[in-house]
A.B. asks: 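Just passing along the structure, written as C-alpha coordinates.
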Amino acid sequence: MPAIASSLLDLRSLTQIQLQEFFSLASSLKKQKRSPKYVGQTIALMFFEPSTRTRLSFEAASYHLGLGPLNFDGSQGTSLEKGETIEDSILNVSAMKPELMVIRCNDKVELQKISKLVSCPVINAGWGILGHPTQALLDVFTMSECFGSIEGKKVLIVGDVKHSRVAASHLELAKTMGYQVAICGPEEFLIEDSNVKKFNSLSEGLVWADVVMALRVQFERHDLKSTLSKENYRETFGLNSKSLKSFSKNGLILHPGPINHGIEMETEVLSDSRCQVLNQVHHGVIMREAILRKMLGES
Ligand code: CP
(Lines give C-alpha, C1' and ligand atoms only; values in the text may rest on other atoms or scores of the structure.)
Protein backbone atom coordinates (compact mmCIF):
# COMPACT_ATOMS: atom_id res chain seq x y z
CA MET A 1 0.00 0.00 0.00
CA PRO A 2 1.42 3.43 -0.89
CA ALA A 3 1.97 5.76 2.06
CA ILE A 4 -0.62 8.53 2.51
CA ALA A 5 -0.02 10.53 -0.65
CA SER A 6 3.05 12.72 -0.36
CA SER A 7 0.78 15.44 -1.73
CA LEU A 8 -3.00 15.48 -1.44
CA LEU A 9 -4.22 16.86 -4.76
CA ASP A 10 -7.18 14.55 -5.39
CA LEU A 11 -8.95 11.59 -3.78
CA ARG A 12 -8.72 9.14 -6.68
CA SER A 13 -5.33 7.84 -5.66
CA LEU A 14 -6.21 7.07 -2.02
CA THR A 15 -7.32 3.63 -0.91
CA GLN A 16 -10.24 2.98 1.40
CA ILE A 17 -7.77 2.03 4.15
CA GLN A 18 -5.89 5.33 3.79
CA LEU A 19 -9.15 7.27 3.82
CA GLN A 20 -10.37 5.36 6.87
CA GLU A 21 -7.17 6.37 8.66
CA PHE A 22 -8.07 10.05 8.16
CA PHE A 23 -11.59 9.45 9.51
CA SER A 24 -10.41 7.38 12.50
CA LEU A 25 -7.89 10.02 13.50
CA ALA A 26 -10.50 12.79 13.10
CA SER A 27 -12.88 10.79 15.27
CA SER A 28 -10.32 10.38 18.01
CA LEU A 29 -9.31 14.08 17.81
CA LYS A 30 -12.96 15.00 18.27
CA LYS A 31 -13.08 13.01 21.51
CA GLN A 32 -9.67 13.96 22.83
CA LYS A 33 -7.39 16.79 21.76
CA ARG A 34 -3.69 16.03 21.31
CA SER A 35 -0.94 18.35 22.42
CA PRO A 36 0.95 20.46 19.89
CA LYS A 37 4.13 18.75 18.80
CA TYR A 38 5.41 20.83 15.92
CA VAL A 39 6.27 24.05 17.77
CA GLY A 40 8.97 25.97 15.91
CA GLN A 41 7.99 24.51 12.53
CA THR A 42 5.91 26.20 9.84
CA ILE A 43 3.14 25.52 7.33
CA ALA A 44 2.47 27.70 4.27
CA LEU A 45 -1.18 28.61 3.68
CA MET A 46 -1.28 30.09 0.17
CA PHE A 47 -4.68 31.32 -0.99
CA PHE A 48 -4.81 32.80 -4.49
CA GLU A 49 -8.64 32.74 -4.45
CA PRO A 50 -10.99 33.95 -1.68
CA SER A 51 -11.75 31.67 1.28
CA THR A 52 -13.13 31.89 4.80
CA ARG A 53 -13.82 28.34 6.01
CA THR A 54 -10.93 26.50 4.38
CA ARG A 55 -8.25 29.10 5.11
CA LEU A 56 -9.22 29.71 8.73
CA SER A 57 -9.82 26.03 9.52
CA PHE A 58 -6.36 25.12 8.21
CA GLU A 59 -5.00 27.99 10.29
CA ALA A 60 -6.84 26.79 13.40
CA ALA A 61 -5.69 23.22 12.80
CA SER A 62 -2.10 24.46 12.40
CA TYR A 63 -2.26 26.23 15.76
CA HIS A 64 -3.55 23.03 17.38
CA LEU A 65 -0.43 21.29 16.13
CA GLY A 66 1.92 24.14 17.13
CA LEU A 67 2.77 24.82 13.47
CA GLY A 68 3.32 28.49 12.69
CA PRO A 69 1.22 29.47 9.66
CA LEU A 70 2.89 31.47 6.85
CA ASN A 71 -0.25 33.17 5.53
CA PHE A 72 -0.18 34.24 1.89
CA ASP A 73 -3.29 36.21 0.92
CA GLY A 74 -3.29 36.48 -2.87
CA SER A 75 -5.78 39.37 -2.81
CA GLN A 76 -3.43 41.98 -1.36
CA GLY A 77 -0.02 42.89 -0.08
CA THR A 78 2.08 40.29 -1.91
CA SER A 79 4.46 40.53 -4.84
CA LEU A 80 1.69 39.27 -7.12
CA GLU A 81 0.92 43.01 -7.26
CA LYS A 82 4.38 43.55 -8.78
CA GLY A 83 3.73 40.91 -11.43
CA GLU A 84 5.23 37.84 -9.75
CA THR A 85 3.53 34.70 -11.02
CA ILE A 86 1.58 32.23 -8.86
CA GLU A 87 4.12 29.54 -9.71
CA ASP A 88 7.09 31.73 -8.66
CA SER A 89 5.26 32.71 -5.45
CA ILE A 90 4.80 29.04 -4.55
CA LEU A 91 8.40 28.12 -5.36
CA ASN A 92 9.74 31.04 -3.31
CA VAL A 93 7.65 30.21 -0.25
CA SER A 94 8.68 26.57 -0.63
CA ALA A 95 12.30 27.73 -0.39
CA MET A 96 11.47 28.89 3.19
CA LYS A 97 11.12 25.16 3.98
CA PRO A 98 7.67 24.85 5.52
CA GLU A 99 6.64 21.32 6.56
CA LEU A 100 3.55 21.44 4.31
CA MET A 101 1.98 23.77 1.75
CA VAL A 102 -1.79 24.30 1.56
CA ILE A 103 -2.76 25.90 -1.75
CA ARG A 104 -5.99 27.31 -3.20
CA CYS A 105 -5.70 28.42 -6.81
CA ASN A 106 -7.44 28.41 -10.15
CA ASP A 107 -7.33 25.35 -12.40
CA LYS A 108 -4.87 26.91 -14.85
CA VAL A 109 -2.17 26.47 -12.21
CA GLU A 110 -0.34 23.19 -12.80
CA LEU A 111 -0.46 21.92 -9.22
CA GLN A 112 0.63 18.40 -10.21
CA LYS A 113 3.79 19.78 -11.79
CA ILE A 114 4.44 22.31 -8.99
CA SER A 115 4.00 19.67 -6.29
CA LYS A 116 7.00 17.83 -7.75
CA LEU A 117 9.16 20.97 -7.63
CA VAL A 118 8.49 22.12 -4.07
CA SER A 119 10.30 21.05 -0.91
CA CYS A 120 7.30 19.50 0.95
CA PRO A 121 3.89 17.87 0.39
CA VAL A 122 1.12 20.05 -1.06
CA ILE A 123 -2.53 19.96 -0.01
CA ASN A 124 -5.19 21.05 -2.50
CA ALA A 125 -7.42 23.53 -0.65
CA GLY A 126 -9.70 24.12 -3.66
CA TRP A 127 -8.29 23.97 -7.21
CA GLY A 128 -10.53 25.81 -9.68
CA ILE A 129 -13.33 23.45 -10.62
CA LEU A 130 -11.07 20.38 -10.43
CA GLY A 131 -11.44 19.36 -6.81
CA HIS A 132 -11.68 20.26 -3.13
CA PRO A 133 -10.66 17.00 -1.44
CA THR A 134 -10.55 18.24 2.17
CA GLN A 135 -14.13 19.57 1.85
CA ALA A 136 -15.39 16.19 0.61
CA LEU A 137 -13.54 14.47 3.46
CA LEU A 138 -15.09 16.73 6.10
CA ASP A 139 -18.53 16.23 4.53
CA VAL A 140 -18.14 12.45 4.75
CA PHE A 141 -16.85 12.79 8.31
CA THR A 142 -19.99 14.79 9.16
CA MET A 143 -22.24 12.16 7.56
CA SER A 144 -20.41 9.31 9.32
CA GLU A 145 -20.65 11.03 12.69
CA CYS A 146 -24.43 11.41 12.20
CA PHE A 147 -25.24 8.03 10.61
CA GLY A 148 -22.51 5.81 12.08
CA SER A 149 -21.58 4.66 8.58
CA ILE A 150 -21.69 6.19 5.12
CA GLU A 151 -21.83 2.81 3.32
CA GLY A 152 -24.77 2.72 0.87
CA LYS A 153 -26.05 6.19 1.82
CA LYS A 154 -27.63 8.27 -0.94
CA VAL A 155 -26.33 11.81 -1.40
CA LEU A 156 -28.23 14.23 -3.63
CA ILE A 157 -26.08 17.14 -4.84
CA VAL A 158 -28.29 20.00 -5.99
CA GLY A 159 -27.22 22.86 -8.21
CA ASP A 160 -24.14 24.03 -10.01
CA VAL A 161 -22.44 20.63 -10.29
CA LYS A 162 -20.57 21.56 -13.47
CA HIS A 163 -18.61 24.33 -11.74
CA SER A 164 -18.31 22.66 -8.35
CA ARG A 165 -14.98 21.35 -7.14
CA VAL A 166 -16.83 19.95 -4.13
CA ALA A 167 -19.06 17.82 -6.37
CA ALA A 168 -15.99 16.72 -8.37
CA SER A 169 -14.29 15.47 -5.20
CA HIS A 170 -17.44 13.68 -4.00
CA LEU A 171 -17.70 11.83 -7.30
CA GLU A 172 -14.14 10.56 -6.67
CA LEU A 173 -14.65 9.79 -2.98
CA ALA A 174 -18.03 8.05 -3.34
CA LYS A 175 -16.50 5.28 -5.44
CA THR A 176 -13.99 4.34 -2.75
CA MET A 177 -16.18 4.95 0.30
CA GLY A 178 -19.28 3.18 -1.05
CA TYR A 179 -21.90 5.92 -0.99
CA GLN A 180 -24.15 6.86 -3.89
CA VAL A 181 -24.23 10.31 -5.48
CA ALA A 182 -27.04 11.69 -7.61
CA ILE A 183 -27.23 15.17 -9.10
CA CYS A 184 -30.14 17.54 -9.55
CA GLY A 185 -30.43 20.97 -11.14
CA PRO A 186 -31.04 22.80 -14.38
CA GLU A 187 -29.57 20.89 -17.33
CA GLU A 188 -26.92 23.60 -17.97
CA PHE A 189 -25.52 23.04 -14.46
CA LEU A 190 -25.25 19.24 -14.71
CA ILE A 191 -22.43 17.07 -15.99
CA GLU A 192 -22.82 14.39 -18.66
CA ASP A 193 -21.90 11.12 -16.98
CA SER A 194 -23.95 8.00 -17.61
CA ASN A 195 -22.73 6.54 -14.28
CA VAL A 196 -24.24 9.38 -12.27
CA LYS A 197 -27.96 9.32 -11.50
CA LYS A 198 -29.79 12.52 -12.46
CA PHE A 199 -33.00 14.04 -11.11
CA ASN A 200 -34.74 16.85 -12.98
CA SER A 201 -37.25 17.19 -10.15
CA LEU A 202 -36.01 18.29 -6.73
CA SER A 203 -38.88 16.58 -4.91
CA GLU A 204 -38.13 13.22 -6.58
CA GLY A 205 -34.48 13.59 -5.66
CA LEU A 206 -35.34 14.45 -2.08
CA VAL A 207 -37.55 11.35 -1.76
CA TRP A 208 -34.59 9.22 -2.95
CA ALA A 209 -31.90 10.86 -0.76
CA ASP A 210 -30.52 10.36 2.76
CA VAL A 211 -28.44 13.53 2.43
CA VAL A 212 -29.09 16.65 0.39
CA MET A 213 -26.21 18.97 -0.38
CA ALA A 214 -27.03 22.35 -1.88
CA LEU A 215 -24.25 23.99 -3.87
CA ARG A 216 -23.55 27.66 -4.23
CA VAL A 217 -24.46 29.06 -7.63
CA GLN A 218 -21.05 30.29 -8.75
CA PHE A 219 -21.83 33.71 -10.15
CA GLU A 220 -18.12 34.47 -10.58
CA ARG A 221 -17.74 31.53 -13.00
CA HIS A 222 -20.93 32.22 -15.03
CA ASP A 223 -24.23 34.10 -14.85
CA LEU A 224 -27.61 32.46 -14.67
CA LYS A 225 -28.94 32.52 -18.24
CA SER A 226 -31.97 34.70 -18.99
CA THR A 227 -34.08 31.52 -19.38
CA LEU A 228 -33.23 30.69 -15.78
CA SER A 229 -33.57 33.68 -13.50
CA LYS A 230 -32.50 33.66 -9.86
CA GLU A 231 -36.20 33.62 -8.99
CA ASN A 232 -36.79 30.58 -11.24
CA TYR A 233 -33.84 28.78 -9.71
CA ARG A 234 -35.05 29.53 -6.19
CA GLU A 235 -38.57 28.27 -7.05
CA THR A 236 -37.40 25.09 -8.79
CA PHE A 237 -34.26 23.99 -6.96
CA GLY A 238 -34.07 26.09 -3.79
CA LEU A 239 -34.09 24.37 -0.40
CA ASN A 240 -36.77 25.82 1.89
CA SER A 241 -39.20 24.51 4.48
CA LYS A 242 -41.77 23.73 1.73
CA SER A 243 -39.44 21.83 -0.64
CA LEU A 244 -37.89 19.94 2.30
CA LYS A 245 -41.27 18.41 3.21
CA SER A 246 -40.43 15.62 0.71
CA PHE A 247 -37.16 14.89 2.51
CA SER A 248 -36.64 12.22 5.18
CA LYS A 249 -37.09 13.30 8.79
CA ASN A 250 -33.80 11.53 9.54
CA GLY A 251 -31.96 13.06 6.57
CA LEU A 252 -29.07 15.52 6.63
CA ILE A 253 -28.89 18.91 4.93
CA LEU A 254 -25.42 20.07 3.91
CA HIS A 255 -23.94 23.08 2.16
CA PRO A 256 -20.17 23.61 1.80
CA GLY A 257 -20.62 27.39 2.04
CA PRO A 258 -20.67 30.25 1.38
CA ILE A 259 -24.47 30.32 1.01
CA ASN A 260 -26.36 32.56 -1.42
CA HIS A 261 -29.31 33.13 0.92
CA GLY A 262 -32.59 33.14 -0.96
CA ILE A 263 -31.18 31.38 -4.03
CA GLU A 264 -30.02 27.80 -3.37
CA MET A 265 -31.09 27.89 0.29
CA GLU A 266 -33.45 29.97 2.43
CA THR A 267 -32.13 31.24 5.76
CA GLU A 268 -34.90 29.29 7.57
CA VAL A 269 -33.20 26.01 6.57
CA LEU A 270 -30.30 26.81 8.90
CA SER A 271 -32.62 26.26 11.87
CA ASP A 272 -33.96 22.92 10.54
CA SER A 273 -32.91 20.15 12.95
CA ARG A 274 -31.52 18.17 9.97
CA CYS A 275 -29.18 20.98 8.93
CA GLN A 276 -25.47 20.31 9.49
CA VAL A 277 -23.99 23.42 7.89
CA LEU A 278 -22.20 24.79 10.97
CA ASN A 279 -21.33 21.28 12.10
CA GLN A 280 -19.55 20.87 8.75
CA VAL A 281 -17.45 23.93 9.60
CA HIS A 282 -16.65 22.55 13.06
CA HIS A 283 -15.67 19.22 11.51
CA GLY A 284 -13.57 21.11 8.96
CA VAL A 285 -11.08 22.08 11.66
CA ILE A 286 -10.94 18.53 13.08
CA MET A 287 -10.68 16.83 9.68
CA ARG A 288 -7.95 19.21 8.53
CA GLU A 289 -6.00 18.65 11.74
CA ALA A 290 -6.24 14.90 11.08
CA ILE A 291 -5.05 15.41 7.49
CA LEU A 292 -2.10 17.56 8.59
CA ARG A 293 -1.10 15.04 11.27
CA LYS A 294 -1.29 12.12 8.82
CA MET A 295 0.71 13.99 6.23
CA LEU A 296 3.33 14.74 8.86
CA GLY A 297 3.65 11.00 9.37
CA GLU A 298 1.60 10.37 12.53
CA SER A 299 -0.09 7.01 12.97
N1 CP B 1 -16.36 25.49 1.54
C2 CP B 1 -15.35 26.34 1.25
O3 CP B 1 -14.39 26.01 0.56
O4 CP B 1 -15.52 27.59 1.79
P5 CP B 1 -14.46 28.76 1.63
O6 CP B 1 -14.45 29.16 0.17
O7 CP B 1 -14.95 29.86 2.52
O8 CP B 1 -13.13 28.23 2.04
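In this text the structure is predicted, and so the values were computed from the model without any measurement. Below, each value reflects all heavy atoms present in this structure, side chains not excepted, and no hydrogens, waters or symmetry copies. In each ligand, atom 1 is the first atom listed, and ligand 1 is the first ligand listed.
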A.B. asks: Under a 4.0 Å threshold between the charged nitrogen and the carboxylate oxygen, would Arg12 count as salt-bridged to Glu172?
C.D. replies: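 Here Glu172 pairs with Arg12 in a salt bridge, since their nearest N and O are under 4.0 Å apart.
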
A.B. asks: If the threshold is 4.0 Å, N to carboxylate O, is there a salt bridge linking Arg234 and Glu266?
C.D. replies: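 Yes, Arg234 and Glu266 are salt-bridged.
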
A.B. asks: Assess, by modelled atom type and distance only, whether the side chains of Ser169 and His132 contain a donor and an acceptor separated by less than 3.5 Å.
C.D. replies: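 Not at all, the side chains of Ser169 and His132 share no donor-acceptor pair under 3.5 Å.
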
A.B. asks: Against ligand 1, does Gly126 come closer than 4.0 Å with any heavy atom?
C.D. replies: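 Contact absent.
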
A.B. asks: Closest non-hydrogen protein atom to atom 2 (C) of ligand 1, residue and atom name please, with distance?
C.D. replies: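 The closest heavy atom on the protein side is Thr54 OG1, 3.5 Å.
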
A.B. asks: Using a 4.0 Å cut-off to any heavy atom of Thr52, which atoms of ligand 1 qualify?
C.D. replies: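 Numbered from 1, ligand 1 contributes 5 (P), 7 (O), 8 (O).
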
A.B. asks: With side chain to side chain donor-acceptor pair (under 3.5 Å) as the test, pick out the partner of Arg34 among His64, Glu289, Glu298.
C.D. replies: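 Of His64, Glu289, Glu298, side chain to side chain donor-acceptor pair (under 3.5 Å) with Arg34 is met by Glu298 alone.
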
A.B. asks: With heavy-atom distances below 4.0 Å as the criterion, list the atoms of ligand 1 near Gly257.
C.D. replies: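 Answer, ordered by atom number: 1 (N), 2 (C), 4 (O).
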
A.B. asks: Got the closest protein heavy atom to atom 4 (O) of ligand 1, with its distance?
C.D. replies: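 Nearest neighbour among protein heavy atoms for atom 4 (O) of ligand 1, to 0.1 Å: Arg53 NE, 3.0 Å.
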
A.B. asks: Which is closest to atom 8 (O) of ligand 1 by heavy-atom distance: Pro50, Ser51, Pro256?
C.D. replies: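 Nearest option to atom 8 (O) of ligand 1, by heavy atoms: Ser51.
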
A.B. asks: Starting from atom 6 (O) of ligand 1, locate the nearest protein heavy atom and write down its residue, its atom name and how far away it is, to 0.1 Å.
C.D. replies: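 Its nearest protein heavy-atom neighbour is Arg104 NH1, 2.9 Å.
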
A.B. asks: With the threshold set at 4.0 Å, does a side-chain nitrogen-carboxylate oxygen contact exist between Glu188 and Lys162?
C.D. replies: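 Answer for the salt bridge query: no.
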
A.B. asks: Can you list the ligand 1 atoms lying under 4.0 Å from a non-hydrogen atom of Gln135?
C.D. replies: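 Result: 1 (N), 2 (C).
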
A.B. asks: With the threshold set at 4.0 Å, does a side-chain nitrogen-carboxylate oxygen contact exist between Lys198 and Glu204?
C.D. replies: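 No, Lys198 and Glu204 are not salt-bridged.
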
